[in-house]
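First comes the structure, then the notes that go with it.
Lettering of chains follows the sequences in order, A, B, ..., and the numbering in each one begins at 1. Only heavy atoms go into these numbers, but all of them, side chains included; no hydrogens, no water, no symmetry mates.
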Number of protein chains: 4
Amino acid sequence: MTSAPRTARGARTRAALLEAAEHVFAELGYADASVVRITERAGVAQGTFYLYFDSKLDLFDELVDDLNRRVRRAMSEASAAAPDRLSAERAGFRAFFAFTAEHPALYRIIRAAEFVSPRALHRHYDRIVEGYAEGLAEAQRHGEVRPDLDPDVAAWALMGIGELVGMRWVLWERDAEGGVPDHVLDQVALLVDGAIGRRTAPATTREENGS
Amino acid sequence: MTSAPRTARGARTRAALLEAAEHVFAELGYADASVVRITERAGVAQGTFYLYFDSKLDLFDELVDDLNRRVRRAMSEASAAAPDRLSAERAGFRAFFAFTAEHPALYRIIRAAEFVSPRALHRHYDRIVEGYAEGLAEAQRHGEVRPDLDPDVAAWALMGIGELVGMRWVLWERDAEGGVPDHVLDQVALLVDGAIGRRTAPATTREENGS
Amino acid sequence: MTSAPRTARGARTRAALLEAAEHVFAELGYADASVVRITERAGVAQGTFYLYFDSKLDLFDELVDDLNRRVRRAMSEASAAAPDRLSAERAGFRAFFAFTAEHPALYRIIRAAEFVSPRALHRHYDRIVEGYAEGLAEAQRHGEVRPDLDPDVAAWALMGIGELVGMRWVLWERDAEGGVPDHVLDQVALLVDGAIGRRTAPATTREENGS
Amino acid sequence: MTSAPRTARGARTRAALLEAAEHVFAELGYADASVVRITERAGVAQGTFYLYFDSKLDLFDELVDDLNRRVRRAMSEASAAAPDRLSAERAGFRAFFAFTAEHPALYRIIRAAEFVSPRALHRHYDRIVEGYAEGLAEAQRHGEVRPDLDPDVAAWALMGIGELVGMRWVLWERDAEGGVPDHVLDQVALLVDGAIGRRTAPATTREENGS
DNA sequence: AATGAATGAGAGTTCATTCAT
DNA sequence: TATGAATGAACTCTCATTCAT
């Protein structure tokens, strides 16, 4: 069993290991990210690793939790400042993409977690969905989101949009500034607004118009 | 370099290996799925593996391509029979979820592919998106999909919805029949319809009405 | 799980590993006898070890059982040829000492087994005692061993004599021929004969004589 | 080089380490008894260990010597109070078994010492034998032990009896009070008495009587 | 006197791959 | 076509010991 560092020096070493791990995991994935590589990058001996983490998996879990905390903060801060729901969504997505660009580790590590640490993976998504769904329910009460929507399902769906669009336009082909192109962000906003926003006329009206 | 099997027996052995691999990969992930386990499950000797595949990675790529072909067929068959765009979407998603339930391998393997074989991963998503985006563009021309939508971005976004909803309601907590609950499917249809469907009145109209 | 070798070559390799292990264990003890050293001595690669044994401990257990079988055979063959109980004991002890001299592994490995594999240790002693106690009981029925003796306790006690005398005069300070000196063997025979042999007169007689 | 503790506090720490070591060695054996575990049990930091002992081996040697002193005292005190040789033997064995029950460490550590510290092992047995053999020689001069016995060989043999009987009935299957069952102790006394006690008539007499 | 961080060699074990049969 | 023996590099993790504080 490892324990929290008791000295400043220990705290520094532990932080160095976490930081190194983020990069190595992001670059190589869990399986290929050996403890040797992590300790080498952190500039400490192999044995030192086990002073602060019980195992490679232990470190992995901690890292996921850490990144989860950070991405949620980034998103909520961004959307909190927005005047209305639509711009809040837009800001939230932009923040998510920006975070992904800056910490590709998040994205890569999460997807790798399926077999590595299902519990960490669960925790990660559940936490994000929880906040997201709450926000949607609140917006429903304010009449900004269509009332017939199940906030939980919607939250998972929207998170999915962020995940794949992020993969495609941040991880695979990012633009110069490291975020998604404006055009893509606009489209996402359009889609999200259409998906959850209130409609002026009931669906039946459309049919009438169409005839 | 391996070559295609020259006899019926060889073809059978090769198929057995592919089948075994699908299960073993789905259960353990790429990293932990050893060649030994695959050959054991296929009932052949270790050396036999290299008669049909150059490497573990080679087999993996082939498997991804194979699954990709199958999932696309399942989805396109399902949506082809639908009378209009909305029910086509619903049918397509239902087919995707059903396929995921029956072949969790697809889902698991794909997500694991990030570090294993980025090229296979790319190919997989690109192929799905390609067909999907074409379908959306076609529907746009028929006036069934809002004209201001970029079919490419939309395709990625919708795929994301399928991916996370599938993870949540098929992989993590499937209902008795192995598919997603009707309620969830309804919600997904609602979201998708809202996201890509034509609106009766342009967004600005809403503002006008509101005043 | 390992399986029995299926070819002659495999059988040879396996035997080589066992033989190497006997020497390495005898020389270094279980803890310091690394798999590397064993495989080096056997002239095979490290990985080959695990083709035939599940673990270092597995090999250890097998070795103990193997040696146990051999030492019991050596002893029983030696004592079977003896005309009476006394010479049978003498022959049995001599055989035990000779075996110990030739296979110091037995002695060393057994004593080390206390923490390594208690089960193997138990098995070893139990098997020896079993045969020994049976022989004593049989001799009791023939009137060659005092009737008030519990063969089981006696067997453990005599085994103890062999163990420590063997340690002292075979392992620590063996004579030129590699066995215990005749003088020591004589003394052991004397002790054993006294311990288990019938007495002419009951103990009380001695007291009477003494007065 | 470590030096003797200069303060009362130091003496206490040292004693705590020794005590902890006895338990940890007894439980895990030398190889698996890590310095970490010993210091943890003693409630001191790892580094502190090397203030009092040069190495793990150093501590081991000291522990063996310490236990040796204690077991010899226990045995000699017990047998000193006995009125005659026979009861002295019985008392000595009883004391040995009792000590073994109370300090399984002695037994376990000694057997483990074969590869760890042959010198400590030698010293241990030699010291016990020395006293034992002297006692036997003295008893011979008083006519209580048969004169044709080599006290040295006899001492090793008797020690062997104690060792294996102790292993079987104290370590493996002790009775409620933690000693060997009375029956076993009786049998041991019988064996020992027969082995070293004077006989009324020479062995040849038995033959004559038999005719 | 005591601490706890740091070391780095070495342990057992796994595994993709090769090769002789 | 198929086998199973063999390889050896790489992995995670442990541990006795040192050292700065």
Please step through side-chain contact (heavy atoms from CB on, under 4.5 Å) for the pair C:Gln46 and C:Glu40, ending with a clear verdict.
CA-CA 8 Å; C:Gln46 255 186 89; C:Glu40 263 173 8; over 6 Å; no
Within this structure, what is the CD-to-P distance between B:Glu40 and E:dA16, rounded to whole angstrom?
12 Å
To the nearest angstrom, the CG-P distance between D:Leu57 and F:dC15 comes to 17 Å
Under 3.5 Å for both donor-acceptor distances, Watson-Crick or wobble: does E:dA11 have a partner, and if so which one?
F:dT12
Could you identify the nucleotide paired to F:dT17, looking across every strand shown and requiring Watson-Crick or G-U wobble geometry with both distances under 3.5 Å?
E:dA6
Is the shortest side-chain N/O distance from C:Tyr50 to OP1 or OP2 of E:dT13 below 4.0 Å?
yes
Starting at the 5' end of DNA chain F, which residue's closest nucleotide do you reach first, C:Pro5 or A:Ala33?
C:Pro5
Looking only at the side chains, is there a donor atom on one of C:His23 and C:Glu19 sitting less than 3.5 Å from an acceptor on the other?
yes
Take B:Arg119 and B:Glu114, measure what salt bridge (charged side-chain N to carboxylate O under 4.0 Å, His left out) needs, and give me the verdict at the end.
CA-CA 9 Å; B:Arg119 279 185 41 192; B:Glu114 180 77 47; over 6 Å; no
Given atom CG of A:Asp58 and atom P of F:dT12, what is their separation to the nearest angstrom?
14 Å
Residues in ring-ring contact (aromatic ring centres under 6.0 Å, His included) with C:His103, at least two apart?
C:Phe99
A:Leu28 CG to F:dA10 P, in whole Å, measures 14 Å
May I ask you to decide if the ring planes of B:Phe60 and B:Tyr30 are parallel, tilted or perpendicular, using 30° and 60° as cut-offs?
perpendicular
Between D:Ile38 (CD1) and F:dT14 (P), how many Å, whole number?
17 Å
5'-most by nearest nucleotide on DNA chain F - A:Arg37 or D:Asp32:
A:Arg37
Just the atom pairs and distances: protein N or O near nucleotides 6-8 of chain E's N or O, under 3.5 Å.
from: E:dA6; atom 1: OP1; to: A:Arg9; atom 2: NE; distance (Å): 3.4
from: E:dA6; atom 1: OP1; to: A:Thr13; atom 2: OG1; distance (Å): 2.5
from: E:dA6; atom 1: OP2; to: A:Thr13; atom 2: OG1; distance (Å): 3.3
from: E:dA6; atom 1: OP2; to: A:Tyr52; atom 2: OH; distance (Å): 2.6
from: E:dT7; atom 1: OP2; to: A:Ala45; atom 2: N; distance (Å): 2.8
from: E:dT7; atom 1: OP2; to: A:Thr48; atom 2: OG1; distance (Å): 2.8
from: E:dG8; atom 1: N7; to: A:Gly47; atom 2: N; distance (Å): 3.4

Give the rounded distance in Å between these two atoms: CZ of C:Arg12 and C1' of F:dG4.
14 Å
C:Phe53 atom CZ is separated from F:dA5 atom P, nearest whole Å, by 13 Å
Quick check: on DNA chain E, is the nucleotide nearest C:Val35 upstream (toward 5') of the one nearest B:Lys56, or the reverse? Name the residue that is more 5'.
C:Val35
Paired with E:dA1 by Watson-Crick or G-U wobble geometry, both distances under 3.5 Å: which nucleotide is it?
none
Return the nearest nucleotide to the side chain of B:Thr7; candidates are F:dT1, F:dT12, E:dG12.
F:dT1
Say whether, by atom type as modelled, one donor and one acceptor occur between the side chain of D:Ser117 and the main chain of D:Ala113 under 3.5 angstrom.
no
For side-chain contact (heavy atoms from CB on, under 4.5 Å), just list the numbers for A:Leu121 and A:Ile110, CA-CA rounded to whole Å, side-chain angles, deciding distance to a tenth of an Å, and then say yes or no.
CA-CA 6 Å; A:Leu121 185 74; A:Ile110 291 309; 3.7 Å; yes
